[in-house]
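Encoded as structure tokens, the structure appears first; notes follow it.
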Amino acid sequence: MLTRPRWLLQTEGACYLALGLALYRAGHFPWWLFLALFLAPDLFLLGYLANARIGAAFYNLAHTLVWPIALLLVSLALPAPELAPYGLIWISHLGFDRMLGFGLKYPTNFRDTHLERV
């Protein structure tokens with residue numbers, strides 16, 4: 001198990017998803033909002049309409065944990081609790097993607113990811 005990085009990364013993704021869902025539930029945020037926005041980061045796939053390089057850049061921009069974690073930190077620091085559900089939905093989406101084996105993209109081909117070729 002510990003020598004299978006893909007399995008570890010997918011398990012890690014499942015943990016991000018579970019954490020996002022648990023914190024979302026604990027925050028008593030509306031589930032209709034979760035359902036409405038869960039797939040929103042995938043809109044960045046539209047960059048692939050231009051070419052693989054732009055598509056990978058757009059996809060990776062929306063599929064790194066940096067932004068949703070920053071959003072959660074801002075929601076705590078300001079305080080602006082109304083931002084928290086968006087960060088949690090975003091983290092849940094990223095966890096779901098990683099759990100399914102979708103990783104950050106290389107500019108060579110849509111199927112080339114940091115997890116492996118999909």
Side-chain angles (χ1 to χ4, degrees):
M1 170 185 95
L2 296 177
T3 59
R4 301 181 79 187
R6 186 175 203 275
W7 186 89
L8 290 171
L9 290 168
Q10 286 181 281
T11 303
E12 185 178 71
C15 290
Y16 292 145
L17 174 60
L19 178 65
L21 289 170
L23 292 175
Y24 196 87
R25 182 177 180 273
H28 303 287
F29 300 119
W31 287 102
W32 66 264
L33 182 65
F34 189 94
L35 293 173
L37 296 178
F38 184 72
L39 295 177
D42 285 340
L43 291 173
F44 283 76
L45 285 168
L46 293 173
Y48 277 96
L49 294 175
N51 62 47
R53 186 170 188 76
I54 292 171
F58 274 53
Y59 181 90
N60 291 345
L61 180 68
H63 285 81
T64 179
L65 285 165
V66 171
W67 307 118
I69 289 173
L71 184 59
L72 288 172
L73 291 173
V74 167
S75 79
L76 290 171
L78 285 182
E82 64 276 5
L83 297 177
Y86 301 102
L88 294 172
I89 293 167
W90 202 347
I91 286 173
S92 297
H93 173 87
L94 298 181
F96 183 72
D97 272 6
R98 298 295 193 281
M99 181 183 74
L100 294 179
F102 299 112
L104 297 176
K105 307 293 186 194
Y106 287 104
T108 53
N109 186 302
F110 176 77
R111 302 179 83 114
D112 295 337
T113 76
H114 84 282
L115 294 176
E116 71 180 358
R117 188 166 175 86
V118 179

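The chain is numbered in sequence order, starting from 1.
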Ring-plane angle category for Tyr24 and Phe34, please: parallel below 30°, perpendicular beyond 60°, tilted otherwise. perpendicular

Does the side-chain contact (heavy atoms from CB on, under 4.5 Å) test come out yes or no for Leu46 and Phe58, once each step is laid out? CA-CA 8 Å; Leu46 293 173; Phe58 274 53; over 6 Å; no

Dump the intermediate steps for side-chain contact (heavy atoms from CB on, under 4.5 Å) on Asn60 and Thr64, then the final yes or no. CA-CA 6 Å; Asn60 291 345; Thr64 179; over 6 Å; no

From Phe44 CZ over to Leu61 CG, what is the distance, rounded to the nearest 0.5 angstrom? 5.5 Å

When you compare the side chain of Ile91 with that of Leu19, does any pair of heavy atoms fall below 4.5 Å? no

Calculate, to the nearest 0.5 Å, the distance between atoms CG and CG belonging to Leu83 and Leu73 respectively. 11.5 Å

With distance as the sole test, does His63 use its side chain to make a donor-acceptor pair with the main-chain N or O of Tyr59 at under 3.5 Å? yes

Could you tell me if the ring centre of Phe96 sits under 6.0 Å from that of Phe102? no

Which value, rounded to the nearest 0.5 Å, describes the distance between Leu39 atom CG and Leu45 atom CG? 10.5 Å

Could you tell me whether the side chain of Leu17 reaches within less than 4.5 Å of the side chain of Arg98, counting heavy atoms only? no

Under the 3.5 angstrom rule, does the side chain of Thr11 hit a backbone N or O of Trp7 as a donor-acceptor pair? yes

Heavy-atom distance under 4.5 Å between the side chains of Trp90 and Leu37, does that happen here? no

